[in-house]
Structure formats: structure tokens, C-alpha cells
Amino acid sequence: MKMVKAIIKPERFEFVKKALEDKGFIGMTISEVKGRGEQKGITLQYRGGLMTVDLLPKIQLEIVVRDSDVDNLIVIITEAARTGKIGDGKIFILPVEKSIRIRTGEMEI
Amino acid sequence: MKMVKAIIKPERFEFVKKALEDKGFIGMTISEVKGRGEQKGITLQYRGGLMTVDLLPKIQLEIVVRDSDVDNLIVIITEAARTGKIGDGKIFILPVEKSIRIRTGEMEI
Amino acid sequence: MKMVKAIIKPERFEFVKKALEDKGFIGMTISEVKGRGEQKGITLQYRGGLMTVDLLPKIQLEIVVRDSDVDNLIVIITEAARTGKIGDGKIFILPVEKSIRIRTGEMEI
Amino acid sequence: MAIDSGATAWILASTALVMIMTPGVGFFYGGLVRRKNFISMITLSFVAFALVSIQWVLFGYSLAFGSDVGGFIGNLQYLGLNNVGMDPGLYSTAIPGLLYMVFQLVFATVTMAIVTSGFAERIKFSAYLVFALVWTTIVYDPLAHWVWGGGWAAQFGALDFAGGTVVHISSGFAALALALVIGKRIGFGTYAMEPHNIPLTILGAALLWFGWFGFNAGSALGANGLAAQAFVTTNTAAAAGAMAWLLISWLHGKPSSLGFVSGAVAGLVAITPGAGYVTPMAALVIGAIGGAVCYGMLLFRIRKGLDESLDAWAIHGIGGLWGAMATGIFAVAAVNGASGILEGNVQQFIANATGAFAALIYAFVVTYVIAVIIDKTIGLRVSEEEEYVGLDISQHGERC
Amino acid sequence: MAIDSGATAWILASTALVMIMTPGVGFFYGGLVRRKNFISMITLSFVAFALVSIQWVLFGYSLAFGSDVGGFIGNLQYLGLNNVGMDPGLYSTAIPGLLYMVFQLVFATVTMAIVTSGFAERIKFSAYLVFALVWTTIVYDPLAHWVWGGGWAAQFGALDFAGGTVVHISSGFAALALALVIGKRIGFGTYAMEPHNIPLTILGAALLWFGWFGFNAGSALGANGLAAQAFVTTNTAAAAGAMAWLLISWLHGKPSSLGFVSGAVAGLVAITPGAGYVTPMAALVIGAIGGAVCYGMLLFRIRKGLDESLDAWAIHGIGGLWGAMATGIFAVAAVNGASGILEGNVQQFIANATGAFAALIYAFVVTYVIAVIIDKTIGLRVSEEEEYVGLDISQHGERC
Amino acid sequence: MAIDSGATAWILASTALVMIMTPGVGFFYGGLVRRKNFISMITLSFVAFALVSIQWVLFGYSLAFGSDVGGFIGNLQYLGLNNVGMDPGLYSTAIPGLLYMVFQLVFATVTMAIVTSGFAERIKFSAYLVFALVWTTIVYDPLAHWVWGGGWAAQFGALDFAGGTVVHISSGFAALALALVIGKRIGFGTYAMEPHNIPLTILGAALLWFGWFGFNAGSALGANGLAAQAFVTTNTAAAAGAMAWLLISWLHGKPSSLGFVSGAVAGLVAITPGAGYVTPMAALVIGAIGGAVCYGMLLFRIRKGLDESLDAWAIHGIGGLWGAMATGIFAVAAVNGASGILEGNVQQFIANATGAFAALIYAFVVTYVIAVIIDKTIGLRVSEEEEYVGLDISQHGERC
Ligand SMILES: Nc1ncnc2c1ncn2[C@@H]1O[C@H](COP(=O)(O)OP(=O)(O)O)[C@@H](O)[C@H]1O
Ligand SMILES: Nc1ncnc2c1ncn2[C@@H]1O[C@H](COP(=O)(O)OP(=O)(O)O)[C@@H](O)[C@H]1O
Ligand SMILES: Nc1ncnc2c1ncn2[C@@H]1O[C@H](COP(=O)(O)OP(=O)(O)O)[C@@H](O)[C@H]1O
């Protein structure tokens with residue numbers, strides 16, 4: 001199993017959620033985070049000078065899926081989250097060894 | 001080492017914490033998240049129609065432990081968090097390669 | 001690739017961010033968490049009795065880097081975050097299998 | 001009599017002050033519940049304000065202040081504010097009749113808001129609308145009539161300067177009845193249910209203390225020495241209640257901000273019936289005892305496992321009861337012509353206690369019956385799933 | 001005439017009450033925007049207060065209330081508050097001239113705050129400062145003069161008790177013009193842009209309702225029966241508007257707290273011009289229709305894809321328009337000497353409609369022109385990056 | 001003299017307005033500290049209100065306003081409010097004696113709240129209770145006596161309309177003394193310590209501005225032209241201070257909302273002593289200079305590495321000092337009979353400066369001594385661990 005960890009723009013969250021739903025990916029855990037990409041944030045004109053704004057609000061999704069679903073998921077998220085502008089976000093894939101459903105105790109590996 | 005990542009109902013958090021403490025699992029990091037399981041949330045009666053409420057508040061615990069403690073931990077959390085109702089949550093086990101204590105710099109593998 | 005996950009004191013966050021920037025580590029995702037270390041929190045004098053305060057606010061940084069950067073990163077964070085007092089925090093290293101930039105779709109392994 | 005523009009100015013201002021108490025109750029309660037029910041809690045208060053405002057101008061005022069019918073209720077002479085005008089009226093020798101009406105209106109609204117404690121985090125919104133309309137009509141309106149509208153309690157000589165009985169005993173014991181009928185929240189006693197936003201509760205308390213000056217000092221119905229007297233006793237009792245609760249609760253734990261504000265409200269409730277009858281020094285005692293007693297009742301409620309968790313009963317119900325009796329004890333003739341036990345007038349104490357207990361029983365029993373009837377018909381309580389996801393989402397479709 | 005201390009007391013209090021409406025607008029709007037623009041929104045309101053306060057004492061008051069010049073504007077006789085003193089003045093027979101001036105000041109400030117709806121989440125702060133100064137001077141001041149300062153609308157007989165035309169129509173239609181000139185927010189219609197803090201919006205609404213008593217009942221300029229009348233009509237219309245919106249919107253979804261408070265504001269706006277001319281029962285109707293109509297206009301705005309998303313236009317603009325006409329319909333001589341259609345006086349309706357539409361057109365057109373000019377010169381709107389990171393950081397360097 | 005019901009109405013309302021300033025200070029300060037100390041900060045303010053309320057009715061009022069003893073303090077004739085009644089008194093020709101007493105009470109409470117700036121985020125709650133009781137008794141009460149209770153400063157001719165010296169200089173310099181005694185917060189200068197909740201600070205500022213109308217215009221002790229004058233100068237100075245700070249700080253960075261509200265408070269402080277002596281145009285100047293000077297002092301404080309981080313000193317202390325001198329400069333006889341330098345009366349300036357500096361020295365020195373004594377005995381400061389976890393948890397057992 002893998003954990004697909006996507007960090008996206010808050011404004012695109014509803015689309016991503018919808019797109020995932022449509023393809024049958026229902027389970028997910030989300031949290032509000034702040035982030036900065038390789039561009040070191042956004043540079044604003046600022047009274048002659050410049051100001052760099054970093055650590056902008058993002059939504060982080062964590063979705064645990066079977067290995068075979070990972071590529072599919074990457075495509076869905078990438079398409080739904082993309083605006084083509086800076087700050088569109090990142091997806092990281094982490095290995096997961098086990099998953100347990102608390103209600104039933106059933107375990108998946 | 002493993003990271004045990006448990007997503008549970010906020011109302012059960014105090015019990016889980018207490019149960020972990022009693023068994024000597026002290027270190028943990030928690031955060032407030034929102035989540036939705038495979039059931040696609042909860043369906044409410046709603047003026048003739050239906051409404052699906054998803055992304056309910058959850059507490060996420062992350063506990064890094066030695067490999068040998070993982071099974072034990074799963075049992076403790078599962079028992080303390082279970083209400084038997086929808087939304088009881090999930091536990092995911094992720095591999096951790098190293099852990100460093102910042103205060104002392106000591107490292108565990 | 002690895003995910004370096006550091007849980008530090010909120011008061012030290014600006015220093016850590018600065019130190020990372022200076023060494024060229026720009027991308028990161030941060031979130032507000034609460035945590036407790038092995039000491040089971042801090043014990044306060046409390047009208048004759050004692051009170052244990054646990055789950056203090058922390059900042060969690062997640063930084064995904066190439067394997068070769070991990071040790072470097074550990075040193076930078078450890079130095080910038082350390083106050084030598086209880087609660088300085090922890091760093092965990094997790095394996096990451098892939099990373100995708102949503103804007104461009106480019107993938108790194 | 002002619003209008004006194006100074007008195008009118010103060011009662012206009014007082015009415016605005018009392019109005020802000022209703023959102024104050026909403027913020028006070030809202031901060032104490034879980035995040036998922038915050039919007040619900042403040043909406044219950046705010047809707048109480050609107051709904052009772054409409055009921056009052058249509059017929060509520062008439063039921064409370066119309067000519068007495070059998071000592072129990074007013075007649076319909078003021079239906080739709082008929083005959084309530086810009087000139088002074090029967091109850092308002094120095095201020096416009098409409099102003100007296102609206103000053104009374106804001107009392108009726110805040111009472112309804114206090115009641116919402118009893119079904120916090122589990123009431124069905126549609127059932128609440130029905131309940132609120134019925135309750136204000138058949139519980140509040142008669143009680144207001146008994147004490148202020150020329151009903152039996154007034155004739156009997158019970159003193160209630162600003163509404164200890166009408167507002168606080170009635171709402172506190174109504175909340176108790178509701179809590180018993182609707183039952184505990186799921187997980188009560190086993191789940192952690194911590195106040196989610198103490199700052200907003202403190203804001204609510206600040207608005208309550210602020211507005212209470214209109215409530216009590218406005219009840220002098222003039223801008224005069226009596227208003228000043230009531231202003232001072234009010235503030236003194238609030239301060240004493242706050243400090244008493246803070247210090248006593250310190251013996252059992254930390255001196256919490258919630259203890260402080262709860263004590264302030266307890267002191268304010270306790271002084272309400274006597275604000276214009278007692279001295280400031282008596283107010284100090286009344287407020288401090290009020291804080292202590294209500295704190296004790298809160299502990300008692302918790303021990304009993306009773307889920308009336310915003311404590312309208314412990315603070316408003318019991319505080320109001322204590323205040324009614326304290327007025328019968330501490331009233332001195334020098335302030336406003338009435339004497340209590342301390343000046344040898346046991347009769348006053350008996351009249352006050354009788355009025356208070358009659359109101360208590362009436363409010364408790366009638367509320368209980370209304371609640372049961374609504375529960376059996378349209379259902380008071382949300383479904384288990386709705387309670388789990390919270391009333392904000394399930395009842396209002398909103399999130400905070 | 002001599003000062004009436006009661007009247008003075010009430011207008012002093014009313015001025016304070018109206019003052020708190022400006023932060024009230026800020027919290028109301030601030031809770032509705034995205035978190036990254038909260039500080040911006042409330043700062044726009046608060047700065048409106050300060051900026052207009054200064055403009056008003058320097059020359060704004062004179063433009064509005066100086067001796068009439070051609071029916072359109074006042075002269076400069078009160079420049080720097082020259083000749084405005086502690087004694088009663090032309091407009092204030094029972095209260096100090098300075099008090100009348102500052103009571104009018106708080107109306108000018110809150111109007112400016114309402115306007116900020118039109119460019120929410122995308123206005124450049126420096127452009128705003130220029131705009132605010134120009135707008136209050138060449139839109140608000142003339143309008144105030146027309147209606148209250150002896151200008152043509154007053155001469156023509158249009159009734160506007162507390163500013164439905166001057167304050168609400170003008171600000172609502174100005175917001176519309178601004179929204180058209182500045183354009184939609186990036187992602188409007190495709191991004192989710194949910195209110196980020198409903199509790200603070202509710203707090204804002206509570207402050208508005210509270211302050212509105214000063215706004216309307218203070219406009220009686222005395223502590224008398226008329227003030228009481230206006231107080232009662234105000235509260236009644238607010239309650240009716242709130243319940244109407246709540247219930248009607250329930251047909252389309254959940255009964256939301258935002259619907260409730262929006263309806264309350266709609267009811268308050270609708271009653272503003274008629275508060276001192278109609279009966280409480282008429283206020284019930286005016287408020288309820290106000291709530292319903294404004295809700296309809298909000299839906300209409302959304303359907304049209306118009307990004308005037310804090311709805312100053314739908315609520316203040318349309319609500320004010322309805323109120324102006326309602327006054328021409330429901331005014332009864334028994335209240336304040338003026339009759340509307342219901343008493344057979346169609347002339348009053350025509351006068352009111354004329355005044356309202358003239359103000360509407362003036363406010364819309366002049367605002368549009370000002371906005372275009374500022375946009376072409378210094379630029380109204382922030383850059384795309386600034387909008388993306390939010391105005392709190394980009395304009396104020398702060399975060400909440 | 002007989003009671004004037006209009007004056008009484010306004011002072012009743014003013015007292016309520018000033019009361020809301022104390023929670024206002026709490027929210028203002030609370031938003032500026034780190035989240036872990038929010039509840040602590042607002043509780044310090046609210047407890048100040050209760051504690052000083054009790055002290056004042058027991059003996060504080062008598063110490064301040066009892067018959068003069070040696071120019072320094074009042075005697076005990078009003079102990080327990082003995083002889084303070086519903087009739088007008090020595091200090092209150094038109095309003096009840098009790099009302100004058102409680103109007104003064106709310107000044108004493110807000111002063112105590114302002115002082116809490118000096119030990120923000122590190123005070124032991126038990127030590128605070130002791131400190132507050134001692135401070136209000138031996139610092140505030142004598143100062144109030146000097147200026148308003150017939151003490152030496154009054155006899156000397158120093159003008160202080162609404163408490164620039166008594167309230168602001170005393171609290172500002174007391175905060176400075178406290179900050180020096182208690183020492184910097186751990187990590188000050190090296191840790192990031194950002195305001196955690198700017199919206200609540202803005203709410204606090206709104207409540208302060210609102211309440212200040214009672215503070216200054218209420219100090220006219222009547223509902224008359226002078227009250228209107230003070231109302232207008234107050235609002236004008238606040239607006240000018242806010243805009244001045246905003247614009248000047250813009251030169252060094254962004255125009256922040258915190259700059260705006262800080263400037264507003266600075267303007268309000270600066271006008272306080274002169275509110276009833278100067279013209280609105282002078283108020284514009286006094287407020288603007290107040291904003292500028294206090295901003296400069298804040299920068300100075302930061303440069304010096306002084307951890308008086310909620311800036312009671314820079315804003316209240318220095319603003320009050322400037323205000324006292326400004327009154328000596330700008331007072332004009334046409335307003336209230338007193339002339340300043342601008343009308344050639346240097347004597348007034350000297351009297352005012354003398355009064356101000358005497359108060360400054362007295363407040364600073366006595367506070368310093370009290371703080372040292374408490375520190376050596378029961379200890380002012382929490383332990384390092386308690387400071388690390390925050391005062392909310394460590395002192396109050398609460399979390400927000
Ligand atoms: N190396 C990294 N480690 C952790 N998180 C990262 C890293 N790089 C980017 N992120 C996260 O992804 C978000 C989007 O990054 P960004 O640079 O804005 O995307 P893009 O470069 O595609 O426009 C950041 O805000 C941050 O939260
Ligand atoms: N596939 C998944 N990936 C990530 N998180 C998940 C996934 N499935 C469930 N979760 C998390 O677990 C929580 C509980 O899931 P839920 O379906 O309610 O549990 P159960 O099915 O045991 O009742 C969800 O709210 C979500 O946060
Ligand atoms: N076993 C663990 N699993 C997960 N998080 C941990 C664990 N141990 C510590 N932490 C996190 O690290 C933080 C700092 O731990 P702490 O014990 O205070 O550090 P130290 O022991 O270096 O002083 C904790 O607050 C918690 O968030």
C-alpha cells in the first residue's frame with residue numbers, strides 16, 4: 001500500500017475531492033498546512049523594495065491506496081489541482097506497511 | 001522503527017491517550033484533521049432529500065516506536081478508540097528510517 | 001528521496017527556516033501540531049500537588065529531499081532548533097518513493 | 001403624566017443594552033460547546049430574539065400586561081400593539097408606552113435565549129421554533145403578568161425589581177426540565193466535551209455584564225437616584241460573585257477564567273430581584289453568596305450526572321432563587337420603601353419565597369409537559385448521526 | 001431654543017451606538033471573506049471611520065449642511081466646524097450644534113464602510129484611501145445635502161427618516177458600480193470561496209442590530225415618543241426580515257445563520273427611511289418583504305455571476321429602495337404627520353420614489369466614473385500575486 | 001441642587017460605556033500575545049475590574065474623594081459608601097452621588113487593566129491579585145485624589161478633563177516600572193513572538209473607541225454642550241492619531257491594522273486631559289502628534305530592547321504626558337474657561353506639566369517599590385516551565 005500525500009491550493013480542493021469521488025476514491029484525511037515551494041514564495045512589489053511572501057496556506061490530502069491505484073491517483077489529482085500557476089503543489093508517495101480499520105479490527109497489508 | 005499513524009474520533013482521544021500512557025507509550029504528536037472513510041461520509045435526512053456530510057473532524061496521532069511495539073500499539077489504540085460505529089477511524093503503519101532527538105542529537109535507527 | 005519530518009518548538013521556527021534558507025533548502029510544508037515527548041510533559045508545582053502538562057504546541061516541518069541531503073539537513077535543523085531544554089523536539093526520517101510537481105507533472109524518484 | 005426626556009433617554013439606552021445581552025448569551029453558550037455546535041448555539045439565541053420580538057408585538061405584550069384576567073394572565077387589549085402609543089401609559093408614567101413595551105420585550109427575548117442551555121448540542125431546529133413560540137406564550141407571558149402585570153404575585157406583595165423570578169428562575173428551571181426530557185448528549189460522561197472557544201465565552205460574559213446595567217438600572221424606569229442605586233448594587237454583586245467563585249474554585253483546582261465569568265453571571269442573577277431594594281454592602285454579600293451557591297450547585301449537577309451542561313439551572317435557576325430570598329432578607333426601607341427580614345419584616349420574605357417557588361414549579365412543570373408533547377409529536381432531538389456530525393452542519397448547513 | 005438634557009443624553013448615546021456599527025460592518029464583512037483577507041476587510045471599515053471623521057470636521061459637514069447652493073450642495077460656512085458650537089443650531093433645536101454634527105458624522109462613516117463590499121478581497125489599499133476621500137466628498141455629501149441639508153429632495157418632500165436613501169441606496173449602488181469596474185475576483189465561480197469565520201460575521205450583525213437603535217431612534221433627535229416609535233419599528237422590521245429570510249431560504253436548503261443575519265440587516269435597511277413614519281404592524285410587513293426581496297436579489301446576483309459578494313447591493317441597495325417606496329406606501333399621519341398611499345396620498349409615494357431613483361442614479365453613475373478614473377490612473381486593483389497571497393499580507397503585512 | 005434626569009441618563013450610559021473598556025483592554029492585549037497566554041491576558045483585565053470594583057466601594061472611593069488630608073489623600077468618611085447616596089453630592093451637583101461614585105469606579109478599573117501590559121505573559125496570578133489590590137490603593141487612589149478629589153494638583157490648577165494624568169500617565173509608567181522589575185520574557189529578542197489574533201485586538205480597539213465616548217464626554221458630568229464638545233474632540237483626535245500612525249509607519253513598512261488601532265488609542269489618550277478644553281481643530285493636531293510621538297516611542301522601546309511589549313508605556317504613558325502638555329498649550333477660554341499657551345497663559349502649561357511629572361514620578365517610583373517587595377516576598381514571576389507552557393494552562397488550567 002502507499003500513502004499519496006498531495007499538497008494543493010485551497011481553492012482547488014473542492015475540484016480534487018469531486019474528481020476523486022467520481023473515480024471511486026472516497027477515503028481520505030485532510031489537514032490545513034502552510035507551504036513553500038522551490039521558488040521561495042512569491043515576490044511582491046513593495047514600495048520600491050521587494051517582499052517575499054512564503055508559507056502560503058495549502059490543503060494537504062493523505063490517501064492510502066493499493067499500489068496499483070497510485071498512478072491513477074496521481075493523474076486524477078494532478079489534473080484537478082492544476083491551474084498552471086506557481087503554487088500548484090506537490091504529490092509525494094510514501095510506502096505504507098499496514099492499514100487497520102479500527103471499527104472492525106480488520107487489517108490490510 | 002515504525003510510525004503508527006492513527007486517525008480517531010475526537011471524543012475518544014482522551015481514552016486513547018490514557019490507554020497509551022498506562023502501557024508506557026508516552027511520546028506522540030497529534031494534529032487536528034478532517035477525514036472521510038469508505039462510506040463516503042454520513043447521509044442525513046434532509047427535507048425529503050438526502051445530504052451527505054463528509055470530512056468530519058478527527059484527531060490524528062503519530063507515534064514512532066520500535067518495530068516490536070507495533071502490534072501491541074495497534075491493539076491498544078483499536079480497543080480504546082472503538083465505539084463500533086461508523087467513523088471509528090484507521091491506523092496506518094509507515095516505515096521510519098531514523099529518529100533524532102534534537103536536544104541531545106542522539107540518533108536511533 | 002526521504003521525508004525529513006521535524007517537530008520543533010514554535011519559538012525556534014523562524015531560526016530553523018532561516019538556517020534552511022541559507023543552505024538552499026527552500027521547499028517545505030509546515031503544520032501546527034501538539035506533542036509530548038518521553039518525559040510525559042512538564043510537571044508544574046500546583047498548590048501542594050503536582051500537575052502534568054502534556055501536549056504542548058509544536059511546529060512540524062516536512063521536507064522532502066534527496067537521500068544525499070538528509071544528513072546535512074539533520075545537522076542544520078538540530079543546530080537551529082536546539083535550546084538545550086526539554087521539548088526541543090524530534091526529527092524522523094521516512095522513505096519517499098516518488099515526488100510529482102503538479103504544475104508541470106514532472107516526476108522525481 | 002408628561003414624558004421625562006431624561007428618563008426616556010435612559011430607557012432607550014437601557015433597551016439597547018438589554019438587547020445586546022441576547023447575542024451575549026449566544027456567545028457565552030457558543031464558546032462552551034464543541035466546535036461543531038457553535039453556530040447552532042448562537043443561532044438559537046439570535047432566533048429567540050427575532051421570534052419573541054414578533055410574538056411580543058403581536059400578542060405577547062398583551063398577555064403579559066393587558067388587564068388582569070383572574071390574576072393569571074392579561075387580556076387582549078394590546079393585541080398588535082393596539083392602544084400602545086407614544087404617550088405615557090399605565091405602566092410608564094414618565095416614558096412613552098411603546099418604550100415600556102419594548103423594554104419589556106428585550107427581557108422576554110433574553111429569557112428565551114437562556115433556556116436554550118437545556119437542549120444544547122442536540123435540539124432539532126424545527127422543534128425549537130415550535131417550542132420557543134409555545135414556551136414564551138404559555139410560560140413567560142403568564143409569569144411576567146403575575147409579577148409585573150398586576151397578577152396575583154404582585155397583589156400578594158412579592159418584590160422582583162428586575163426579573164429574578166420572571167427571567168431567571170423561569171429560564172433556569174425550564175432548562176432543567178428540558179434537559180431531563182431530551183436526555184443526555186451521546187457520550188456524556190464518557191467522551192471529553194471541552195469548551196471549544198473560551199475567548200468567545202468571555203466576550204459573551206462581557207456583553208452580559210455590560211447589558212445588565214440596562215437590565216437592572218433600567219428597571220428603575222427613570223434616570224434618577226434609584227437607577228444609580230441599582231447600577232451600583234448590580235456591579236458590586238457581579239464583582240463579588242466573580243471573585244467568590246474564582247477563589248472558592250481555586251481550592252479545588254486552578255482559578256479559571258470560566259469560573260470567574262460564571263461567578264459574575266451568578267452574582268448578576270442573584271442581585272437582579274433586589275437591585276433596587278438593597279444597599280451596595282448587602283449586594284456584596286448577596287453576590288458573593290450567589291457565586292458560592294451556584295458553584296456548589298454546578299458541582300452537584302456534575303455529581304448527579306445531569307447533562308444541563310451550560311448550567312442555566314445552576315446559575316440562573318438557583319441564583320434567581322437565592323436572589324428572591326435575599327431580597328426578602330436584605331431589603332431596607334431607606335432604599336426603596338420595602339423592608340426584609342433584617343428590618344424585622346418576615347412577611348416580605350414569605351411573599352418572595354412564595355412567589356419564587358410558585359414560578360419555579362409553574363415553569364418546571366409546564367416546560368416539562370410542553371417538551372414531552374413536542375417530543376412525542378415532531379420530536380425534540382436530532383438523530384444520532386446528526387448529533388455526531390454536529391448541529392452546525394446538520395441543522396444549518398454551515399461550518400465554523 | 002434651549003438644550004434639552006434628555007434629548008442630548010439620548011443623541012450622545014445614539015452617536016456612540018452608530019459608531020460601533022462601523023466596526024460591526026467590518027466584522028460582518030470580514031467573517032464572509034477568505035481568511036487571507038480578514039484583516040483587510042475590517043481595516044477598510046475602520047479606516048473609513050477615521051478618514052471620513054477627519055473629512056467631515058474639515059469640510060464634509062459644511063458641504064452637506066451648509067446653506068443651500070442651487071439645491072445641490074452646501075456652502076462652506078461650517079468649514080473646520082466654524083460656527084458649529086455648543087449651543088443648539090439650525091438643525092438641532094434641542095441639542096448642541098456640535099452634537100448634531102457628530103451624529104451626522106457617524107452616518108457618513110458607516111456609509112463608506114458599507115461601500116467596501118464592492119471591491120472586497122481585491123482593492124489596492126492606497127487606491128482605497130483616494131477613493132474613500134473622493135467618494136464621501138462628491139457622492140455622500142451632496143446626497144446628504146439633498147435630503148437633510150435643505151437640498152432639492154427635501155424641498156420636494158421626499159421622506160427619509162434615518163437615511164434609507166442617503167446611506168443605503170447610495171452605498172449599495174456604489175458597491176455595484178465598483179464591482180463592475182474592478183471585475184471579479186480571480187477564480188470567482190470556479191474556486192470555492194467560503195465564508196471563513198461565521199461567528200465573527202454574527203458578532204458584526206449583533207453590533208449592527210444594536211447600533212441601529214441609535215441610527216433610527218436617534219434620528220428622532222429627541223428622547224420622546226417618536227424615538228420610542230422608531231425604536232419599536234426598527235426592532236420589529238429586523239426580526240421580521242430575519243425570520244422571513246430564514247424561512248424562505250429554508251425552502252432552498254438549510255435555515256442558515258448567515259441567512260438569518262442577512263435577513264435582519266435587510267429588515268433594518270428596509271425600515272430605515274420609514275422608521276419614524278409607520279406603525280409597528282407596518283414595520284412587520286416592511287421588514288418581512290425586505291428580507292424576502294433582498295434574498296431574491298441575492299439569488300439573482302449569483303445567477304448573473306456578479307461578484308458583489310458581500311451583497312451591499314442586494315441588501316443595502318435594494319433594501320433601501322424598497323424602504324423608500326414602503327415609506328411612501330405605509331406612512332400614516334397619526335405617527336408623524338405624513339401620509340402614504342394607504343392613506344390615499346400617492347404624491348408622497350412619487351416624491352419618495354423620485355428621491356430614491358435620483359439618488360440611485362447619481363450614486364451609481366458618479367461612483368462608476370470615479371472608479372474608472374482611479375483605475376486608469378493609480379489602479380484600483382492589486383496584482384494577481386497579491387490577490388493570490390491575500391490582502392492581509394500584501395497590503396498590510398499581517399496575518400490572522 | 002436637584003437631579004437633572006438628562007445628565008443622569010447620560011452618566012448612567014457613560015458608566016456602562018467605560019465599563020466595556022476593561023474587557024476591551026483585555027481583548028486588545030489578548031490578541032497581541034502568544035496563543036498560550038490569551039486567556040491569562042483577558043482574565044487579568046477582567047479580574048482587575050472585579051477586584052477594583054470591590055476595593056472602590058469598600059474604601060477606595062473614600063481614599064480618593066473623602067475630605068482632603070494634607071493635599072495627599074482623602075479621609076475615610078465614605079467607607080463602605082457611607083454617606084454616598086441617591087441624592088446629588090459634593091462632586092455631582094446634577095446627578096446622584098452614587099452615580100458619580102460608580103462613574104469614578106470604572107475609571108479606576110480600566111486603569112488597573114492597562115497596567116497589566118507590564119508583566120504580560122509572565123506574571124504569577126496570585127502575585128497579581130496582591131499587586132492589584134496594593135497598587136490601586138496606594139498609587140491610583142492618591143493620584144485620583146490629587147487631581148479630582150481636592151488634592152494639591154487641583155488646588156494648584158492642573159487641568160485634567162478626563163484622566164490623562166490619573167489614568168494614563170499613571171498606568172503607563174507603572175507598566176514601565178513593572179517591566180523593569182519583572183524582566184524580559186524568556187526568549188525576548190531571540191524568539192519570534194507574534195500577535196496571535198489580530199481580529200480580537202481590533203475588536204478590543206473598537207470597544208475602546210466606543211467606550212471612550214463615555215470616558216471623555218461623560219466627564220462633562222452633564223448632557224450638555226460641553227459633553228458634545230468632548231465627544232467631538234475625542235473622535236477627532238482618535239481619527240487623527242490612527243491616520244497619523246498608519247501613514248508614518250507606512251514609511252517604514254506596510255500600513256498595518258495594528259498600527260492603525262495603536263494610533264487610534266494614542267490619539268484617544270492624548271486628547272483625554274484636554275477633551276473639554278480644546279477645539280476640534282486643536283484635537284486634530286493633538287491626536288496626530290499623539291499618534292506620531294507614541295509610534296516613535298514604540299520604536300525607541302524596541303531599540304532599547306525593553307520588553308514592555310503591549311506598549312502601555314509608549315501609548316498611555318507618553319500619550320498621556322503629551323496630552324497633559326497639549327492641554328496646557330491648546331486650551332482656549334471659549335470652550336471651558338481655561339486658557340493655554342496659545343492664549344498666552346504659560347502658567348497653565350506649567351501647572352499641567354508639574355502635575356503630570358509629579359504623577360509620573362510618583363507612579364513610577366511607588367510601583368517599582370511595590371513590585372520589588374512583592375517579588376522578594378511571594379515572587380512576581382512564574383517559573384520557567386510555567387512560562388514555557390503558557391499562563392493559560394499553568395495559571396488557569398485552561399486552553400484556547
Ligand atoms: N521539498 C518539499 N518538501 C515538502 N513540501 C514541499 C516541498 N516542495 C514543495 N512543497 C510543498 O508543495 C507546495 C507547493 O509547492 P510550489 O513550489 O508552490 O509548487 P510548484 O513549484 O509546483 O508551483 C508548497 O507550498 C509546499 O507545501
Ligand atoms: N484510504 C484512506 N486514506 C486516508 N485516510 C483514510 C482512508 N480511509 C479512511 N481514512 C481516515 O480514517 C477516518 C475514519 O474512516 P471511517 O471510514 O470513518 O472509518 P470506519 O470505516 O472504520 O468507520 C476517516 O475520517 C479518514 O480520516
Ligand atoms: N515517539 C514519538 N512519536 C511521535 N512524536 C514524538 C515522539 N517522541 C517525541 N515526539 C514529538 O517530539 C516532540 C518533542 O519531544 P520532547 O520529548 O519534548 O523532546 P526532547 O525529549 O528532545 O526534549 C514532542 O512534543 C512530540 O511532538
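Chain naming here is simple, since letters A, B, ... match the order of the sequence lines and numbering starts at 1 in each.
For the side-chain contact (heavy atoms from CB on, under 4.5 Å) with Phe25(C), the qualifying choice from Val65(C), Leu61(C), Ile77(C) is Val65(C), the only one to do so.
At a threshold of 4.5 Å between non-hydrogen side-chain atoms, the residues Leu55(A) and Lys17(C) count as touching. At least one side-chain heavy atom of Met3(C) sits less than 4.5 Å from a side-chain heavy atom of Lys5(A). Residues Lys98(A) and Glu108(A) form no side-chain contact, since every pair of their non-hydrogen atoms from C-beta on lies 4.5 Å or further apart.
Note: Ile93(A) leads Ile93(A), Asp88(A), Val4(A), Val70(A) in heavy-atom pairs under 4.5 Å with chain C. Considering only heavy-atom pairs separated by less than 4.5 Å from chain C, the leading option among Glu32(A), Gln60(A), Lys2(A), Lys58(A) is Lys2(A).
Heavy-atom distances place the side chain of Val64(C), and not its backbone, under 4.5 Å from chain A. With a threshold of 4.5 angstrom between heavy atoms, Met1(C) does not approach chain A through any atom at all. Both the backbone and the side chain of Leu94(A) come within contact range of chain C, with heavy atoms under 4.5 Å apart.
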(message) Determine whether Thr29(C) and Lys34(A) satisfy the following criterion, side chain to side chain donor-acceptor pair (under 3.5 Å), listing intermediate values before the conclusion.
(response) CA-CA 6 Å; Thr29(C) 301; Lys34(A) 290 194 178 130; over 6 Å; no
